[in-house]
Amino acid sequence: MANISLKNIVKIYPGDVVAVHDFNLEIDDKEFIILVGPSGCGKSTTLRMIAGLEEITKGELHIGDRLVNNLPPKDRDIAMVFQNYALYPHMTVYKNIAFGLQLRKVPKNIIRQKVHETAKILDIEDLLNRKPKALSGGQRQRVALGRAMVRDPAVFLLDEPLSNLDAKLRTSMRTEISMLHKRLGTTFVYVTHDQTEAMTMGDRIVVMKDGFIQQVDSPQELYDVPRNLFVAGFIGAPQMNFIDAAIIKTDDGFAAKFGNTALALPKSKIDPETALAYEGKEVVLGIRAENLHVEATHMEREGTSPITVTVNLAELLGSETYLYGECEGVSLIAKIPPYNNPKPGETIKLALDRNKLHLFDKESGEAIR
């Protein structure tokens, strides 16, 4: 079993710099879990504590049924793939992959078998006699994966392994790593700052900020039900639109008002009792770019409200257009079909899907349920 349990993990560096605060997480056997967040949020530090490369200040770390706080990396049954690949430049691909097995005094015939089996899976058999300097970035990344795979570890730890690759190669390597996880049936813990990688690869995602866990959930749940403003803004591209608004009472219930625009709030988004507690107070409305529609058919749908937007810029991306504009002095981004071509300065109507609104407490940033 390769489940991982992190209980009340804290990392404090000299000078009382707290990098990770009271980190609690249970990672299931064979799960692909992603730690994501901006630079400096503590995700790589957490990964390095699991690996044994950073000492744990407080808390307990279990891999399987073993407490591993004081175990050296070589005894933890883990393999780590680094951002810079960490290949030995003077060794061939074969020797780079075989090196860990040679240190463990594995018989040569078994090493040869394992290296060739791993190279076949990664499609690098024809590269075994080359040295790293003769390889592309993607090929080096496969070699680094091969070196980890050949040891048959219980846990794979991957620290931003795709960040040095170009955009096209990152996309293909995402797919390859996901398929590799399914083939190996091993626990993967993957660190990235790229929310697209997190959304497309992970069974669950741990969103971190300033050393604290913000939310742990499936990719879809993070997208649909963000727990706070940070998660809402971090997950999804382009970033969710945020609007400061006041809750007001109307004849039909409650609405959120900004400028001269009032949006009726569905009861599915805020119950009357909660709305009453927020009456007259400012909240933050969140609406994703894809929930602002330009087509006339959306204008008449139940649950939508028309808003007037002055266009600042339209970016054609082929399959869609990003529309940048202003409504009541608030900057908004909308995803619209590519055949719409509004011009800067033009005023247009967008249909806002009120059923897709998110509400956040302005002071705490927490979602209003």
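All heavy atoms count here, side chains included; hydrogens, waters and symmetry mates do not. Remember, it's a predicted structure, so these values are computed and weren't measured experimentally.
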For [X] and [Y], work out which heavy atoms get closest and say how close.
X	Y	answer
Thr200	Ser178	O-OG, 4.5 Å
Ala275	Ile247	O-CG2, 3.8 Å
Ala237	Gln195	CB-NE2, 3.4 Å
Ala51	Met80	CB-SD, 3.7 Å
Val155	Ile63	CG2-CG2, 4.2 Å
Pro132	Leu87	CG-CB, 4.0 Å

Kindly indicate whether the side chain of [X], heavy atoms from C-beta on, has any atom under 4.5 Å from the side chain of [Y].
X	Y	value
Leu222	Val231	yes
Leu359	Tyr278	no
Val143	Ile97	yes
Leu145	Met173	yes
Arg170	Asp194	yes
Ile4	Val189	yes
Ile121	Glu117	no
Ile56	Phe23	no

Considering only Ile, Leu, Val, Met, Phe, Trp and Tyr, and joining two whenever side-chain heavy atoms are under 4.5 Å apart, list the other residues clustered with [X].
X	result
Leu229	Met240, Phe242, Val284, Phe360
Tyr322	Leu313, Leu317, Tyr324, Ile333
Val17	Tyr13

Step through the shown structure and confirm whether more than 12 heavy atoms of other residues, nucleotides or ligands are within 6.0 Å of [atom1] on [X].
X	atom1	value
Asn24	CG	yes
Met179	CE	no
Asn260	CG	no
Glu55	CD	no
Asp126	CG	yes

Supply the atom-to-atom distance [X] [atom1] to [Y] [atom2], rounded to the nearest 0.5 angstrom.
X	Y	atom1	atom2	result
His21	Met208	NE2	CE	9.0 Å
Arg142	Ser136	CZ	OG	7.0 Å
Lys108	Leu101	NZ	CG	13.5 Å
Leu61	Leu67	CG	CG	7.5 Å
Leu25	Thr46	CG	OG1	9.0 Å
Glu125	His116	CD	NE2	7.5 Å

Check: [Y] main-chain N/O paired with [X] side-chain donor or acceptor under 3.5 Å:
X	Y	value
His181	Thr186	yes
Gln215	Val225	yes
Lys269	Leu357	yes
Asn69	Gly59	yes
Arg354	Ala264	yes
Lys343	Ala314	no
Gln139	Ile124	no
Lys43	Val191	no
Thr187	Ala2	yes
Lys114	Arg112	no

Partners of [X] by salt bridge (Lys or Arg N to Asp or Glu O under 4.0 Å), sequence neighbours excluded?
X	value
Lys209	none
Glu31	Arg204
Glu320	none
Glu326	none

Flag yes if [X] and [Y] sit in one hydrophobic cluster, no otherwise; membership is Ile, Leu, Val, Met, Phe, Trp, Tyr, and two members link when side-chain heavy atoms are under 4.5 Å apart.
X	Y	value
Val10	Ile50	no
Ile248	Leu276	no
Ile12	Ile9	no
Val18	Val206	no
Leu135	Phe99	no

Listed by chain and number, what are the side-chain hydrogen bond (donor to acceptor under 3.5 Å, both in side chains) partners of Ser218, not counting sequence neighbours? none
Among pairs that include at least one residue of [range], which meet side-chain hydrogen bond (donor to acceptor under 3.5 Å, both in side chains), considering only residues two or more places apart or in two chains?
range	value
residues 241-253	Asp244-Lys362
residues 70-84	Gln83-Ser163
residues 143-158	none
residues 93-104	none

Between Lys349 and Thr308, does any side-chain donor sit less than 3.5 Å from a side-chain acceptor?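 Short answer, yes.
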Do the side-chain N and O atoms of Asn3 and Asp28 include a donor-acceptor pair separated by under 3.5 angstrom? no
Apply side-chain contact (heavy atoms from CB on, under 4.5 Å) to residues Arg174 and Thr196 and explain how you reach the verdict. CA-CA 10 Å; Arg174 283 204 311 260; Thr196 302; 4.0 Å; yes
Step by step, work out the side-chain contact (heavy atoms from CB on, under 4.5 Å) result for Leu180 and Phe156. CA-CA 11 Å; Leu180 185 63; Phe156 274 85; 5.7 Å; no
